[in-house]
Amino acid sequence: MDQNSIYEFETFRLEMASQLLWKGKTAVDLPPKIYRLLLYFLRHAGQVISREELFDAVWDGRLVDDSALRLAVNSLRNILHDDRKNPRFISTVTRRGYRFLPEVVVMQSLEHLIPLHYRTKVEPSPAWIERPAELALLRKAFQQAKNKERCVVFLAGERGTGKSTLLDMFLAKIQSPELALLRSRCVQLHGVAEPFLPLLEALERRCREPSGRALIERLNQVAPCWLFQMSNLLSADELAALLPKVSENNTRRMLREAAEFFETLSGGSPFILVVDNAHWSDDATLDLIALLAFRRSASRLLIIVSYRPSENSANTQRIEKLREELVHRGLCLDLSLERLNDFDQAEPLAD
């Protein structure tokens, strides 16, 4: 059975990759034996399962008494909030064993099918301040991208105006199961920055996640020079196989590869690229933003560029010139944040 499978039943979801049981957005970390017991039930839903089968599946055939099985089943019932007398999940079949009652749907994990697949990680906070107009503009941009019209949003605001919180609010409420996201952050450096540094760091972080193998494979296919910059992710054999693909490794080629890579990610499902603190970005990253923004092929791509307009830097001037050109051509949306006043900050975001 595929280790990336997801089992859904009633309001629950069991993910094999993480071995987590989910009820809605709440995760339950199952003890190993309870996980194996539930997995066996799910794989044999509707069938009568003997005690001997469960001993083999959960305890690997080791000799244990019936009380151990009863305790494990009761623990699972408690986790599922199941009533033994009126069961919805686990029914005892007298003198024969057990039967798992609900219908089970088996799916492939989207994290392993969609590189950079996004699942909401930030829960809505009662401390968030409602900004309906700004959120409406971001939702408009996302809807435009979903309709295969690439969109760029320039999110301008000084320190403390809530740019990052606004993005958290926007992403927490997105309803799009196939959404992919890369969220990068630029930092202030002294000296010459490595080309594409914020994007490379964000990609490497995602590659190290449990579902990162799909991303590594896509980079290997479409952007080998980018993968070469993250060679510490590869085995010696994988690195040897990559070397012939990167004989011409320079910033110009990486620019072309990155454009193609992000285009492929936004071909079949929406993809959001966030570049935060872009006033501290390197030139190559800004070149990539411009290249992606001016391409006119159909794409479900949304680029969000956040920056401080008062930052006195050459990159801020580049961002402003790019923004003005895209506004003139009708290719971007402008969003400027002001610092919330004391009264606004006293009113938390209501559900």
Side-chain angles (χ1 to χ4, degrees), residues 25 116-142 145 151-176 179-189 193 196-206 208-209 262 270-282 285-286 288-289 292-293 301-313 315-316 318-320 322-323 332-351:
K25 293 185 178 181
L116 296 175
H117 178 258
Y118 174 71
R119 176 182 293 153
T120 302
K121 297 180 180 179
V122 179
E123 293 291 334
S125 168
W128 284 350
I129 309 302
E130 187 170 8
R131 302 184 93 149
E134 292 85 349
L135 287 171
L137 187 143
L138 289 172
R139 285 194 290 268
K140 174 184 175 181
F142 181 63
C151 185
V152 182
V153 174
F154 288 93
L155 176 56
E158 302 308 324
R159 177 187 296 176
T161 53
K163 299 187 295 298
S164 295
T165 300
L166 179 67
L167 289 176
D168 287 341
M169 294 166 64
F170 164 61
L171 294 171
K173 295 188 176 183
I174 283 182
Q175 300 295 323
S176 182
L179 173 65
L181 169 79
L182 184 66
R183 192 167 181 177
S184 63
R185 181 182 294 274
C186 308
V187 296
Q188 187 174 23
L189 299 174
F196 307 108
L197 180 60
L199 299 175
L200 285 167
E201 287 193 331
L203 283 170
E204 183 169 346
R205 184 169 60 250
R206 296 297 301 272
R208 293 186 183 281
E209 294 179 356
F262 291 129
F271 171 58
I272 299 177
L273 173 62
V274 178
V275 182
D276 204 359
N277 289 337
H279 50 276
W280 290 328
S281 177
D282 59 277
T285 297
L286 294 180
L288 176 59
I289 293 171
L292 289 170
L301 173 64
L302 171 60
I303 304 172
I304 302 176
V305 181
S306 81
Y307 70 105
R308 299 177 193 168
S310 67
E311 190 78 18
N312 185 20
S313 69
N315 283 341
T316 303
R318 278 196 64 186
I319 292 169
E320 289 288 0
L322 176 61
R323 183 189 62 80
C332 78
L333 296 175
D334 233 348
L335 182 53
S336 181
L337 295 187
E338 301 295 333
R339 188 182 298 275
L340 293 167
N341 60 42
D342 293 338
F343 175 78
D344 291 330
Q345 292 183 23
E347 296 293 331
L349 176 67
D351 291 333

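Worth knowing before you read on, the calculation uses all heavy atoms, side chains too, and leaves out hydrogens, waters and symmetry mates.
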message = With side chain to side chain contact (heavy atoms under 4.5 Å, CB included) as the criterion, how do Leu333 and Phe154 come out once you've worked through the C-alpha distance, each side chain's angles and the decisive distance to 0.1 Å?
response = CA-CA 6 Å; Leu333 296 175; Phe154 288 93; over 6 Å; no
query = Would Leu189 and Trp280 count as a side chain to side chain contact (heavy atoms under 4.5 Å, CB included) if you check the C-alpha gap in whole Å, the side-chain angles of each, and the deciding distance to 0.1 Å?
reply = CA-CA 8 Å; Leu189 299 174; Trp280 290 328; over 6 Å; no
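Here the CG-CZ distance, from Leu138 to Arg131, works out to 11.0 Å after rounding to the nearest 0.5 Å. To the nearest 0.5 Å, the span separating CZ on Arg185 from CG on Leu199 amounts to 13.5 Å. To the nearest 0.5 Å, atoms CG (Leu337) and OG (Ser306) are separated by 9.5 Å. To the nearest 0.5 Å, the span separating NZ on Lys173 from CG on Leu135 amounts to 6.5 Å. Once rounded to the nearest 0.5 Å, the distance linking CG of Asp276 with OG of Ser184 reads 7.5 Å. For the atom pair CG (Leu301) and SG (Cys151), the distance works out to 9.0 Å, reported to the nearest 0.5 Å.
The two atoms that bring His279 and Arg308 nearest to each other are ND1-N, 3.1 Å, heavy atoms only. A pairwise comparison of heavy atoms in Leu286 and Ala278 identifies CD2-O, 4.4 Å as the closest pair. The two residues Thr316 and Glu311 come nearest to each other via the heavy atoms OG1-O, 3.0 Å. Of all heavy-atom pairs between Asn277 and Cys186, the closest is O-CB, 3.1 Å. Of all the heavy atoms in Thr285 and Leu197, the pair that sits closest is OG1-N, 4.4 Å. In plain terms, the two heavy atoms of Arg339 and Gly160 that are nearest each other are NH1-O, 3.7 Å.
Taking the side chain as every heavy atom from C-beta outward, Phe170 and Ile304 approach each other to under 4.5 Å. Side-chain atoms of Ile272 and Leu171, non-hydrogen and from C-beta on, do get closer than 4.5 Å to each other. The shortest side-chain heavy-atom distance between Tyr307 and Asn315 does not fall under the 4.5 Å cut-off.
Distance alone, capped at 3.5 Å, places no donor-acceptor pair between the Ser336 side chain and the Leu155 backbone.
For the side chain to side chain contact (heavy atoms under 4.5 Å, CB included) with Cys332, the lone residue among Leu322, Val152, Ile303, Val153 that qualifies is Val152. Test Leu302, Leu181, Leu182 against Phe271 for side chain to side chain contact (heavy atoms under 4.5 Å, CB included) and you get one pass: Leu182.
No salt bridge links Lys163 with Asp168; every basic N to acidic carboxylate O contact stays at or beyond 4.0 Å.
Applying the salt bridge (charged side-chain N to carboxylate O under 4.0 Å, His left out) rule to pairs touching residues 196-205 yields Glu204-Arg208, sequence neighbours excluded.
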